[in-house]
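Convention: sequence-line order gives letters A, B, ...; per-chain numbering from 1.
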There are 2 protein chains.
Amino acid sequence: MTDTQTQAGTRDALLEAAQYLFGHKGYEGTSTRAIADRAGVNVASIAYHFGGKAGLRRACAEALAERLNAALQAEGPRPLPGTPQAAVAEMETAIRAITGIIVGSDGARDTVTFILRELGDPGEAAELIFARLFLPRHARFCQLWSIATGQPAEADEVKLTIFSLIGQIVYFRIAEPFVARRMGWSATGPDQAAQIADLIIGNLNAMIERARR
Amino acid sequence: MTDTQTQAGTRDALLEAAQYLFGHKGYEGTSTRAIADRAGVNVASIAYHFGGKAGLRRACAEALAERLNAALQAEGPRPLPGTPQAAVAEMETAIRAITGIIVGSDGARDTVTFILRELGDPGEAAELIFARLFLPRHARFCQLWSIATGQPAEADEVKLTIFSLIGQIVYFRIAEPFVARRMGWSATGPDQAAQIADLIIGNLNAMIERARR
DNA sequence: AAATGTTAATCAATCGTTTGATTAAGTGCA
DNA sequence: TGCACTTAATCAAACGATTGATTAACATTT
């Protein structure tokens with residue numbers, strides 16, 4: 001009985017270790033040996049399972065997109081809400097969920113760290129994450145906004161507005177250490193995430209009100 | 001007559017080359033040789049002028065903070081505006097200026113690329129940039145918001161609101177390739193920056209209106 | 001000549017990848 | 001069932017290339 005991985009365990013262990021290290025030290029800053037060590041696995045396994053370091057990076061993004069899409073599910077063939085009130089309600093719920101995942105320190109923390117690192121390093125992985133994770137939700141938000149305000153869903157101003165809405169959430173995570181210090185937070189947990197979500201929902205309602213005029 | 005740098009020229013050439021490469025390929029992804037080549041200078045000059053690669057990184061951050069502070073100047077001992085209208089006007093002007101620098105493709109493009117890369121890689125450089133560049137403006141914005149709305153400048157909600165305001169701008173730059181594609185932009189230049197600034201100023205006014213109620 | 005810059009050459013360490021060997025689990029046939 | 005063979009998976013070891021840093025010689029200026 002050994003403590004090394006066997007069978008499919010190796011693949012998953014590599015994905016988890018790589019996601020953690022790529023996220024915290026960056027792709028270039030992470031050596032294949034460091035990944036293998038953290039996974040408790042031989043270096044050669046990376047080439048065997050993923051073709052190489054770059055393949056492992058791509059596999060991380062794919063696995064993560066699938067996993068997060070499942071967690072946020074919802075992205076199924078849901079019908080659009082019928083009233084402005086219901087549309088606003090769905091946006092508020094979504095903002096709370098997304099803020100909790102991006103800002104709060106739940107289980108997805110390392111995953112979000114990886115995503116943000118890739119966002120700043122345009123490439124295949126960022127492409128994949130945006131196409132599968134961000135854009136579908138952006139389109140949904142545009143439709144909800146359209147129902148809530150009466151503006152056409154594909155109007156330039158609407159699309160930009162939704163970007164500005166999501167940007168607020170993402171920035172709180174990017175600047176987290178500095179936000180925490182400025183706010184006097186010892187940690188950024190679910191309570192802080194809720195406080196941030198409340199604020200952004202307030203902004204959302206202010207923006208909707210203005211758009212209706 | 002050679003084409004290599006002499007005297008103080010070497011130092012500046014290294015700073016510029018390093019800022020470009022650190023920003024576009026990341027700190028770990030950039031070799032000292034690549035920096036020296038781009039600067040048209042010998043590798044050993046890095047150790048001579050900056051003590052090493054890490055020192056060059058710090059020097060980049062310091063030089064950039066000084067330069068951007070000068071460009072945005074304003075941060076002198078300006079008096080606070082006396083009326084809510086004047087406070088809103090200053091915020092709008094600042095948003096236009098910051099959006100132009102961060103989003104538009106003016107001369108500061110490589111500098112902003114470096115900053116965003118460092119923001120995602122917490123360390124000495126990010127610390128310096130935030131302390132010297134971001135926080136002073138955050139505090140100023142809080143005061144302006146206070147004058148505009150009557151809320152106390154150091155209230156939690158105000159501080160968070162200002163973060164959410166800045167976050168909108170930063171995100172447009174981070175997600176620039178994806179925003180551009182979604183919007184059908186072939187490039188993100190001054191016109192697009194102005195469009196984004198208009199939108200964010202609209203959001204600002206909506207938020208202020210709501211805060212006054 | 002002393003101080004300051006710049007250079008080519010070299011260093012040990014580490015990089016991602018490849019190799020050949022080894023193990024264990026299937027597979028086909030008698 | 002028993003034997004011969006193939007396949008998938010993992011390993012230690014080694015590969016050539018590149019890394020950041022250092023050295024000592026050379027050039028320029030004061």
*asked:* Within the structure provided, determine whether R140(B) and E90(B) are in side-chain contact (heavy-atom separation under 4.5 Å).
replied: yes
*Interatomic distance where CZ belongs to R11(A) and C1' belongs to dA8(D) [whole Å]*: 14 Å
*nucleotides 16-28 of chain D: protein proximity per nucleotide (B base, S sugar-phosphate only, - neither; heavy atom, under 4.0 Å)*: ---BBBBB-----
*Checking side-chain contact (heavy atoms from CB on, under 4.5 Å) against L64(B), which of L15(B), T111(B), V112(B), L128(B) comes through?*
T111(B)
_4.5 Å side-chain heavy-atom contact, T188(A) and V179(A)_ = no
*Does T10(A) make a side-chain N or O approach to OP1 or OP2 of dT10(D) shorter than 4.0 Å?*
yes
*Can you check the L14(B) CG to dT7(C) C1' distance for me, whole Å?*
13 Å
*For R137(B) and N69(B), does a side-chain donor sit closer than 3.5 Å to a side-chain acceptor?*
yes
_For E157(B) against L199(A), the heavy-atom pair lying closest together_ = O-CD1, 3.9 Å
*If we ignore angles and hydrogens, is there a donor and acceptor under 3.5 Å between the side chains of S146(A) and Q151(A)?*
no
_How many whole angstroms separate atom OH of Y48(B) from atom P of dG5(C)?_
4 Å
*Under the ring-ring contact (aromatic ring centres under 6.0 Å, His included) test, residues paired with F22(B) that sit two or more places apart*: Y27(B)
*Within the structure, does a side-chain N or O atom of H49(A) lie under 4.0 Å from either OP1 or OP2 of dA8(D)?*
no
_Side-chain H-bond candidate by donor/acceptor type, N203(A) with Q168(A), under 3.5 Å_ = yes
_Residues in contact with DNA chain D, drawn from residues 56-64 of chain B - heavy-atom cutoff 4.0 Å_ = none
